[in-house]
There are 2 protein chains.
Amino acid sequence: MTPRSGARERLLGAAETLFADQGVAATPVDQVLARAGVAPATLYAHFGSKAGLQAAVLDARLARWDAAWAAAVDAAPDDRGRLLAVFDALDTFARGGAPSRWCTFLATAADTELLRSRLTELAGPVAGDGAAELAEHLLVVVSGTLAMRLRPGADSAVARGRATAEALVSSV
Amino acid sequence: MTPRSGARERLLGAAETLFADQGVAATPVDQVLARAGVAPATLYAHFGSKAGLQAAVLDARLARWDAAWAAAVDAAPDDRGRLLAVFDALDTFARGGAPSRWCTFLATAADTELLRSRLTELAGPVAGDGAAELAEHLLVVVSGTLAMRLRPGADSAVARGRATAEALVSSV
DNA sequence: GTCTATAGCTTGATAGAC
DNA sequence: GTCTATCAAGCTATAGAC
């Protein structure tokens with residue numbers, strides 16, 4: 001917890017948008033600095049390197065995703081709704097002005113395991129002994145939904161993914 | 001059709017591997033040249049630019065994927081098998097020594113439409129009126145399978161994707 | 001068609017003042 | 001902690017000989 005620093009927050013915000021829109025490699029540090037209105041040395045004082053900044057951006061995103069998913073689960077009315085709440089959270093994230101390629105951060109190892117374990121847990125009340133299998137199916141569908149958001153027709157990606165998930169849940 | 005040129009083929013092969021393993025942006029032209037054993041000017045004579053080389057690599061890949069899928073469909077015994085043949089083709093590609101991140105090329109617009117239309121066609125005999133809907137579900141699953149191959153546990157990605165697809169087909 | 005050599009630019013990161 | 005100014009390295013692409 002660095003003593004509150006406007007520059008730090010602005011750097012994280014600028015980097016998140018630019019990295020997501022253009023890709024990390026295609027985004028020069030100078031561009032992040034310009035958008036944040038910060039000097040080069042300040043960035044290196046806070047994050048050490050471009051890679052350090054990237055890591056900090058991913059961490060921040062993961063934490064927000066985590067919170068959004070938890071909130072969606074809490075808001076759901078029943079077991080089936082809680083299992084499918086991932087898609088509500090995806091929808092929130094997608095509509096919430098987040099960069100169009102925000103989903104790339106989900107391609108990390110930590111996140112895959114998080115998804116798998118939570119989905120298995122949530123699938124329990126719905127599928128009983130078949131919970132692990134259903135969770136595995138839903139993991140594929142969630143991954144596919146993220147992938148679809150990278151392509152044309154991204155707007156309807158979450159809705160289509162949810163429809164597929166519902167078909168799977170109903171077939172249990 | 002350039003007069004047969006060993007350099008051209010070597011460049012395509014080297015670029016395919018390196019681009020897939022490291023990403024295009026992270027791969028310097030020099031590295032492609034070194035692996036191919038070719039001089040800079042030769043690359044620019046054939047492809048005009050790094051982007052031109054990248055485009056040529058994608059074209060070649062798409063053509064091979066196309067052929068592999070068609071072969072898998074032909075080899076399948078029945079309608080259901082033909083519909084699920086995408087996964088046979090994915091398996092062939094994945095095992096065939098292709099770079100671990102080969103799937104990135106499937107994130108193109110052209111390919112998305114190709115997938116959708118062919119899957120819809122193949123779903124006809126299996127799902128009748130529900131063909132379009134089933135194809136849409138399978139499109140999500142195929143995309144998810146590709147995404148899973150980018151993460152740890154990639155080896156079993158195709159098998160798990162196929163299992164999800166079978167659950168969907170069976171529920172029709 | 002292919003080579004060697006190099007131009008010209010952009011990048012990530014640092015030095016030193018305040 | 002933040003700034004201005006700058007370095008050293010790496011990149012893509014081209015020139016010119018064979």
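No hydrogens, no waters, no symmetry mates; every other heavy atom, side chains included, goes into these values.
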Worksheet entry | side chain to side chain contact (heavy atoms under 4.5 Å, CB included) between B/Arg10 and B/Arg35, intermediate numbers included | CA-CA 8 Å; B/Arg10 288 202 307 279; B/Arg35 188 180 179 111; over 6 Å; no
Discussion item. Which nucleotide wins on minimum distance to the side chain of B/Ala41, given the candidates D/dC3, C/dC3, C/dG12?
Written reply: C/dC3
Item to complete: Return yes when atom CG of A/Asp74 has more than 12 non-hydrogen atoms of other residues, nucleotides or ligands closer than 6.0 Å, and no otherwise.
Response: yes
Worksheet entry | Nearest-angstrom distance from the residue atom CZ of B/Phe19 to P of D/dT12 | 9 Å
Discussion item. So A/Gly37, base contact, sugar-phosphate only, or nothing? Heavy-atom distance under 4.0 Å.
Written reply: sugar-phosphate
Worksheet entry | Pair A/Asp91 + A/Arg162, salt bridge at N-O below 4.0 Å | no
Worksheet item: Would one find a side-chain N or O of A/Ser49 under 4.0 angstrom from OP1 or OP2 of C/dG12?
Response: no
Practice prompt. Starting from P on C/dG1, measure out to NE2 on B/His46 and report it in whole angstrom.
Written response: 6 Å
Response to the item:
B/Leu33 CG to D/dT14 P, in whole Å, measures 14 Å
Item to complete: Starting from P on D/dT12, measure out to CG on B/Leu43 and report it in whole angstrom.
Response: 10 Å
Practice prompt. Counting heavy atoms from C-beta on, name the nucleotide in D/dT2, C/dA5, C/dA13 closest to the side chain of B/Pro40.
Written response: C/dA5
Worksheet item: NZ of B/Lys50 versus C1' of D/dC11: gap in Å, rounded?
Response: 9 Å
Worksheet item: Once you round it to whole Å, what is the distance between P of C/dA13 and CG of A/Leu53?
Response: 10 Å
Practice prompt. Whole angstrom is fine here: how far is it from CD in B/Gln54 over to P in D/dA13?
Written response: 11 Å
Item to complete: In plain terms, say whether B/Glu16 and B/Arg64 are close enough for a salt bridge, that is, a side-chain N and a carboxylate O under 4.0 Å apart.
Response: yes
Fill in: Whole-Å distance separating the CG atom of B/Asp30 from the P atom of D/dT12
7 Å
Worksheet entry | Below 4.0 Å: OP1/OP2 of D/dT14 and any side-chain N or O of B/Tyr44 | no
